[in-house]
Amino acid sequence: MYLGGPWWDVALGRRDSTTASLAKANANLPPPFGNLSTLITLFSNKGLNATDMTALSDAHTISQARCVTFRPHIYNDTDIDLDFAKLRQSTCPFLGGDDNLAPIDIQTPTCFDNKYYQNLLAQRGLFHSDQELFNGGSQDSLVRTYNSDPGAFTNDFIAAMIKMGNITPLTGTEGQIRLNCRVVNSNIFPTYWNIRAD
């Protein structure tokens, strides 16, 4: 909401893990070089359909990416606006600079809106996987809809976020209900909160 995005009711009492795994996260995240069928399959494996995938991809409207993740797209692909490619190449050289950052949304990188889809229509998707959503495939029509109808996008984004939030939740004594969503509970009140949450 602080960046202009929508809001929705979140179920109370969701249990979060007490640990994190970079390997597991990376194994389940769609790769920036994935094609459309790969993306659809990866989302489907988590119970999300192609509409959910296309709506959730707008999360890229407020993100930045490392050069190494989009270099192949700006140097090798043909489904990219040439001026946009040259702009990104100016800070992402063919060799080196892997950690150089660029906004994924060139128009409004610090505001949550539907400009991401306008970028795709103009072939200014930063990742290969972004541009796959508008590249003569099954999601082209939906990208056009989300670009022209912010209300349709918002409704689908909220529905997809709720579905995503319900993917394999922890139950019973697994994990914990956090006192602060950003950090694992300290050992000061663990027993009280774990008992009261069940």
Check your understanding: Only one of Leu36, Asp79, Leu121 forms a side chain to side chain contact (heavy atoms under 4.5 Å, CB included) with Phe134, so which one is it?
Key ->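 Result for side chain to side chain contact (heavy atoms under 4.5 Å, CB included) with Phe134: Leu121.
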Point to revise | Identified side chain to side chain contact (heavy atoms under 4.5 Å, CB included) partner of Asn119 from the options Asn114, Ile106, Asn147 | key: Ile106
Are [X] and [Y] joined in one hydrophobic group, where the rule is that I, L, V, M, F, W and Y side chains link up if heavy atoms are under 4.5 Å apart?
X: Val68; Y: Ile80; result: no
X: Leu170; Y: Ile162; result: no
X: Leu29; Y: Phe33; result: no

Identify the heavy atoms of [X] and [Y] that sit nearest to each other, and give their distance.
X: Leu42; Y: Pro31; value: CD1-CD, 3.6 Å
X: Pro93; Y: Asn100; value: CD-ND2, 4.0 Å
X: Ile74; Y: Ala85; value: O-CB, 3.8 Å
X: Gly125; Y: Phe84; value: O-CE2, 3.8 Å

Check your understanding: Have Thr108 and Asp105 got a donor and an acceptor in their side chains that come within less than 3.5 Å?
Key ->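 Side chains of Thr108 and Asp105: pair found under 3.5 Å.
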With a 4.5 Å cut-off on side-chain heavy atoms, are [Y] and [X] touching?
X: Gln89; Y: Tyr75; result: yes
X: Tyr146; Y: Asp58; result: no
X: Arg88; Y: His73; result: no
X: Thr54; Y: Tyr117; result: yes
X: Ile40; Y: Ser138; result: yes
X: Leu56; Y: Phe43; result: yes
X: Leu101; Y: Arg66; result: yes
X: Ile104; Y: Gln64; result: no

Check your understanding: So, for Tyr116 and Phe153, is the gap between ring centers shorter than 6.0 Å?
Key ->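 For Tyr116 and Phe153, the ring centres are not under 6.0 Å apart.
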Check your understanding: Can you tell me if CG on Leu82 sees more than 12 non-hydrogen neighbours from other groups inside 6.0 Å?
Key ->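 Open.
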Rounded to the nearest 0.5 Å, what separation is found between the [atom1] atom of [X] and the [atom2] atom of [Y]?
X: Gln123; Y: Thr78; atom1: CD; atom2: OG1; result: 8.0 Å
X: Asp52; Y: Lys46; atom1: CG; atom2: NZ; result: 14.5 Å
X: Asp156; Y: Thr51; atom1: CG; atom2: OG1; result: 6.5 Å
X: Asp113; Y: Thr61; atom1: CG; atom2: OG1; result: 4.5 Å
X: Asp81; Y: Leu87; atom1: CG; atom2: CG; result: 10.0 Å
X: Leu126; Y: Cys67; atom1: CG; atom2: SG; result: 9.5 Å

Are any side-chain N or O atoms of [X] and backbone N or O atoms of [Y], one a donor and one an acceptor, separated by less than 3.5 Å?
X: Arg15; Y: Glu174; answer: yes
X: Glu132; Y: Asn35; answer: no
X: Gln176; Y: Asn185; answer: yes

Review point. Could you walk me through whether Met53 and Leu133 pass the side-chain contact (heavy atoms from CB on, under 4.5 Å) check?
Key: CA-CA 9 Å; Met53 172 193 72; Leu133 299 180; 3.7 Å; yes
Practice item. Give me the ring orientation class for Phe127 and His60: parallel if the planes are under 30° apart, tilted from 30 to 60°, perpendicular past 60°. Key: perpendicular
**Study point:** Derivation of the side-chain contact (heavy atoms from CB on, under 4.5 Å) call for Arg178 and Val184
**Key:** CA-CA 6 Å; Arg178 304 249 178 107; Val184 174; 4.0 Å; yes
Point to revise | SB check Asp98 Arg71 (cutoff 4.0 Å) | key: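 Counted as a salt bridge, because a side-chain N and a carboxylate O are separated by less than 4.0 Å.
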